[in-house]
Amino acid sequence: MQLATQNFEQYLKEQSERVNVALDALMPAEDAYPEVIHQSMRYSIFAGGKRFRPVLTLATCEACGGDSELALKTAAAIEMIHTYSLIHDDLPAMDNDDYRRGQLSNHKKYGEDMAILSGDCLLSLAFEVMDPEVVACIAKAIGSFGVVGGQAVDIQLAKGQEEMTESLIQYIHTHKTGALIAISCRVGAILAGASSDVVEAMHKYGQGIGFAFQIIDDVFDGDNYAELWGEEKARRRALEEIDRAKMELGILQDKNNREILESLADFVAFREE
Ligand code: GRG
């Protein structure tokens, strides 16, 4: 059972506001020397992202019976890592995008040099503030066997060095996008002190919704799976992943604890941006 839409929207609003307050407290002030780098970091962090990944961390922690206050800094760290990946993804050497989150991309506003550095600083700051217990698993999720691996293969595909097949796209999606979403759920469970079975189930839930998240992005952009299968089949595949992800929630004893994670899964399937 999902939360009523109004309650869910309220939940999302409140949790993302908590993340914003934490980010504001953790990020260096704009007037701290050297100002330009701190302004550039804040420019991208406070550009109006959905905060989906940190909200997942908080929600998973709560669903596993934990105190999400103890996961808040790690949740903010995950948003820093996500924002760093967006800044670098927009660079001319990567996707070469002029706009992000409804405003000029970081390198268009501050130059490529500062965009590279502010991404680097967001990554460093994330590791400074996250809970020491989850450092290794987050590092692994974003490295060459995770987000960077997915991005590397995506670049090879764009250069025509890889052939577009179903399994190649699955690799890209589950690594480039899915790995950070999955680890957001895993660390929520770890910081709640959940058993290893529950931690694994929350990770699988995150993998399912992470994969679906990118399939839906393909539908928006008309590329990858949408190109290979057409919009209808791509949407159907995303819904299958969402259903599989929800099955993992059966391990949670209390049905009230499952509701919010079910609603977050549906948010992925039916979102409009
Ligand atoms: C090691 C994290 C890391 C990055 C370096 C550049 C790079 C390697 C990877 C690119 C990863 C990337 C940009 C994946 C796309 C993920 C995605 C679907 C982004 C959009 O997420 P939303 O819709 O955006 O949640 P908002 O703006 O709402 O946060």
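Numbering of ligands and ligand atoms starts at 1, following listing order.
Separation of the Tyr225 and His173 ring centroids falls under the 6.0 Å cut-off.
Within 4.0 Å of ligand 1, protein heavy atoms come from Gly49, Lys50, Arg53, Ile81, His82, Tyr84, Ser85, Leu86, His88, Asp89, Arg101, Ile142, Val147, Val148, Gln151, Lys176, Thr177, Phe213, Gln214, Asp217.
Judged as a side chain to side chain donor-acceptor pair (under 3.5 Å), and not counting sequence neighbours, the contacts of Glu231 are Arg235.
Looking at Asp266 and Lys246, a side-chain N of the basic residue comes within less than 4.0 Å of a carboxylate O on the acidic one, giving a salt bridge. Salt bridge annotation for Arg244-Glu248: absent, with no cationic side-chain nitrogen under 4.0 angstrom from a carboxylate oxygen.
A cation-pi arrangement is present between Arg271 and Phe213, with the terminal nitrogen or guanidinium carbon under 6.0 Å from the aromatic centre and inside a 45° cone about the axis.
Nearest heavy atoms, Arg51 versus Val19: CD-CG1, 4.3 Å.
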